[in-house]
Peer 1: 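Have a look at the structure that comes next, please.
Computation of the quantities below employed the complete heavy-atom set of this structure, encompassing side-chain atoms and omitting hydrogens, waters and symmetry-equivalent molecules. Starting from 1, each residue takes its place in the sequence as its number.
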Amino acid sequence: MGQCALGVCKLISSWNIKMGITSSRNRLPKQQEHSIGLLSHQVEVDIPSIKQETYQESSLVKVDITVNTDVTVLTNAPDTKTTHIREETPTIQNSDDEVFFETLKVSNASQLLSLPRNLLSLRIKGCESLDVLPNDLFDGLTFLKELELIDCSSLISIPYPTSLTTLNIRNCRNFELLPSLESRKRLSSIHTLSIGNSCDSLTTLSLDFFPKLKDLSIRHCPNFLSLNVTGIYTGDLALKSLQIIDCLGFNSFPDEEFHTPNLNSIILYDCQNLYKFPDFVKSLASLLTLYVVRCPHISNAGLPSSLTFLSIDNCDKLTSQKDWGLENLKSLTAFKIRGGCIGMKSFPEEKLLPKTITSLCITDLKSLTKLDDKGFQQLKALLKLEIYYCDVLQHLPEQGLPSTLVCLNIYGCPMLTPSLKPETGKYWRMVAHIESIIIDNQRVRE
């Protein structure tokens with residue numbers, strides 16, 4: 001049964017389905033507003049962790065429900081029969097109360113025939129032979145907020161519920177996101193859209209089709225090339241978080257500035273064909289965090305003064321420090337530079353970083369031999385300094401590190417660490433005032 005697609009089911013004489021349902025068992029009054037957000041879109045400071053996606057099960061109490069209600073089996077066989085199944089639900093003492101099921105996980109297409117009416121979240125996973133779903137499948141599921149489609153390699157399309165706010169598609173390569181005008185209308189109110197290793201036919205996504213979209217993540221989609229706006233919607237878009245990760249062909253943002261006054265986080269990761277920051281970025285007054293990781297051809301086209309965190313990771317074209325324009329970022333408090341910057345022997349240049357910097361991380365700068373004296377002396381607010389895998393780094397600033405430092409973490413810098421040996425090292429006196437010192441994972445002071 002698990003191998004048959006919905007709508008092509010064969011004759012079943014007896015059917016006793018055991019479904020693992022996660023239930024809040026809370027009795028909620030009718031007409032009460034309900035919301036659910038099972039996907040996290042917080043930006044992680046350690047950007048490589050994005051590559052290690054984990055999808056944890058809900059920690060809510062699980063109950064087994066034996067479904068036994070009258071269901072007509074969908075079939076094209078001439079000897080169609082009706083299967084009788086009875087539903088046992090938790091006892092409801094007050095007839096005005098209703099039970100809302102948090103998450104239903106479906107791994108067998110037949111389970112879709114008897115979905116709980118008050119379902120809030122549905123996960124369809126591992127239904128390899130499922131290709132299309134009936135247009136009326138979700139009729140009556142007026143509370144369904146979240147839908148996850150995972151490991152359904154043959155799935156092409158679904159009838160989107162009008163109540164849907166979160167859509168997560170993972171490992172569904174044949175899935176078509178917007179196969180029709182009707183599907184576009186039904187997704188116009190969605191808040192969260194996540195596409196991972198899916199939708200091979202998707203090359204361009206028009207953002208104004210989703211005016212209420214707040215969180216957009218597109219990952220591991222080699223055929224995805226661009227974001228654009230069509231002009232069909234002229235108001236402000238609701239977008240807050242944008243992630244383009246491991247989309248090797250991605251090369252362009254909208255040519256014209258699109259209105260996203262609430263956009264506060266952008267992650268560009270492994271975009272091999274992207275050649276510059278989007279033009280609209282420099283005018284974003286709301287942008288707080290920007291990660292640019294393994295984008296070897298990208299060059300600076302201007303950054304907004306609102307930035308508080310900036311990470312530049314293995315971007316070979318971003319080698320001229322002065323061209324970064326970081327000194328104008330008066331709100332910047334955390335800066336991370338990793339890899340690239342071939343030939344850079346000293347860092348940072350004088351007046352490169354704003355005085356507001358409190359956290360600085362320097363990683364994998366293979367040509368770096370010294371920390372610039374003048375560049376460090378202006379960092380009057382620096383609290384935390386991390387230096388990793390700088391193989392030939394051997395000199396600290398001549399006038400010492402900022403007196404404000406409370407945390408120093410150095411790892412994989414073999415030419416520098418002997419000089420930091422307590423009491424006898426060349427630079428020990430220079431760092432002795434720092435409260436927490438960790439060298440090669442060993443706490444020297446805490």
Side-chain angles (χ1 to χ4, degrees), residues 20-22 34-44 49-60 101-107 109 111-112 115 119-128 130 132-133 137-138 141 143-179 183-184 186-202 205 207 209-210 212-224 227 238-247 265 267 269:
I21 296 182
T22 304
H34 300 282
S35 63
I36 184 168
L38 301 184
L39 298 176
S40 171
H41 292 274
Q42 286 188 328
V43 175
E44 296 289 343
S49 65
I50 293 176
K51 305 282 285 184
Q52 301 170 0
E53 302 172 18
T54 58
Y55 295 81
Q56 298 178 348
E57 307 293 343
S58 173
S59 60
L60 298 175
F101 297 100
E102 285 285 345
T103 301
L104 173 62
K105 301 158 192 171
V106 170
S107 58
Q111 293 173 305
L112 293 170
L115 297 174
L119 189 62
L120 296 179
S121 176
L122 174 62
R123 174 183 293 180
I124 304 174
K125 181 177 181 180
C127 296
E128 295 291 339
L130 195 63
V132 295
L133 300 181
L137 178 67
F138 297 126
L141 300 185
F143 298 103
L144 188 61
K145 299 293 185 183
E146 180 182 84
L147 177 61
E148 293 186 274
L149 308 173
I150 302 173
D151 299 330
C152 298
S153 58
S154 300
L155 186 62
I156 298 174
S157 65
I158 63 170
Y160 297 118
T162 55
S163 57
L164 201 64
T165 61
T166 296
L167 177 60
N168 179 17
I169 309 167
R170 183 158 57 95
N171 297 332
C172 301
R173 303 289 296 272
N174 289 309
F175 190 77
E176 297 179 7
L177 181 66
L178 299 172
S183 62
R184 194 179 79 189
R186 286 174 173 262
L187 284 182
S188 62
S189 296
I190 199 167
H191 293 171
T192 299
L193 175 60
S194 179
I195 303 173
N197 193 36
S198 300
C199 305
D200 281 358
S201 62
L202 181 67
L205 187 66
L207 292 173
F209 288 171
F210 310 93
K212 297 183 179 180
L213 185 64
K214 295 181 180 180
D215 301 296
L216 173 62
S217 176
I218 302 178
R219 310 177 309 282
H220 317 303
C221 296
N223 297 332
F224 182 65
L227 292 171
L239 198 63
K240 290 185 176 182
S241 172
L242 172 62
Q243 300 179 10
I244 308 294
I245 299 171
D246 274 341
C247 296
S265 174
I267 296 175
Y269 195 117

Peer 1: Does the pair Phe175 and Ile158 meet the rule for a side-chain contact (heavy atoms from CB on, under 4.5 Å), with working shown?
Peer 2: CA-CA 9 Å; Phe175 190 77; Ile158 63 170; 4.0 Å; yes

Peer 1: Of all heavy-atom pairs between Pro179 and Ser157, which one has the smallest distance, and what is that distance?
Peer 2: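 Heavy atoms of Pro179 and Ser157 come nearest at CG-CB, 4.1 Å.
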
Peer 1: Rounded to the nearest 0.5 Å, how far apart are CD1 of Ile124 and CG of Leu112?
Peer 2: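 Spacing of CD1 (Ile124) from CG (Leu112) equals 5.0 Å.
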
Peer 1: About how many Å separate CG of Leu149 and OG of Ser194, when rounded to the nearest 0.5 Å?
Peer 2: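 Between Ser194 OG and Leu149 CG, I get 11.0 Å after rounding to 0.5 Å.
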
Peer 1: Could you give the distance from CG (Leu177) to CG (Leu167), rounded to the nearest 0.5 Å?
Peer 2: 6.5 Å

Peer 1: Any side-chain heavy atom of Gln243 within less than 4.5 Å of one from Ser241?
Peer 2: yes

Peer 1: Between CG of Leu187 and OG1 of Thr162, what distance do you get to the nearest 0.5 Å?
Peer 2: 11.0 Å

Peer 1: List the atom of Val132, the atom of Leu155, and the distance in Å for their closest heavy-atom pair.
Peer 2: N-CD1, 4.4 Å

Peer 1: Quick check: does any side chain N or O of Asp151 sit under 3.5 Å from a backbone N or O of Asn171, one acting as donor and the other as acceptor?
Peer 2: no

Peer 1: Is the closest side-chain donor-acceptor distance between Ser153 and Glu128 under 3.5 Å?
Peer 2: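 Checked: Ser153/Glu128 side chains pair up, N/O donor to acceptor below 3.5 Å.
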
Peer 1: Could you measure the distance from the CG atom of Asp215 to the OG1 atom of Thr192? Nearest 0.5 Å is fine.
Peer 2: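 That separation rounds to 4.5 Å.
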
Peer 1: Given Glu148, which partner from the list Lys125, Arg170, Arg123 fulfils the side chain to side chain donor-acceptor pair (under 3.5 Å) test?
Peer 2: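 For Glu148, the side chain to side chain donor-acceptor pair (under 3.5 Å) test succeeds with only one of Lys125, Arg170, Arg123, which is Arg123.
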
Peer 1: What's the spacing between Asn174 CG and Ser154 OG if we round to 0.5 Å?
Peer 2: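 One finds 6.5 Å between CG of Asn174 and OG of Ser154.
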
Peer 1: We want to know whether Ser121 and Glu146 form a side-chain donor-acceptor pair, criterion being a heavy-atom distance below 3.5 angstrom.
Peer 2: yes

Peer 1: Looking only at heavy atoms, which two atoms of Cys221 and Ser198 are closest? And how far apart?
Peer 2: SG-O, 3.6 Å

Peer 1: Hey, are the side chains of Leu115 and Leu144 touching, using non-hydrogen atoms and a 4.5 Å cut-off?
Peer 2: no

Peer 1: Do Leu122 and Phe138 have side-chain heavy atoms sitting under 4.5 Å apart?
Peer 2: yes

Peer 1: Answer whether the closest heavy-atom distance between the side chains of Arg219 and Asp246 falls below 4.5 Å.
Peer 2: no

Peer 1: Taking all non-hydrogen atoms of both residues, which atom of Cys247 and which atom of His220 are closest, and how far apart?
Peer 2: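 Looking at all heavy atoms of both residues, the closest pair is SG-N, 4.2 Å.
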
Peer 1: Any idea which heavy atoms bring Leu130 and Ala109 closest together, and the distance?
Peer 2: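 It is CD1-CB, 4.0 Å.
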
Peer 1: List the steps and the verdict of side-chain contact (heavy atoms from CB on, under 4.5 Å) for Phe224 and Leu205.
Peer 2: CA-CA 8 Å; Phe224 182 65; Leu205 187 66; 3.9 Å; yes

Peer 1: Please find the pair of heavy atoms, one from Pro159 and one from Leu137, that lie closest to each other, and give the distance.
Peer 2: CG-CB, 4.3 Å

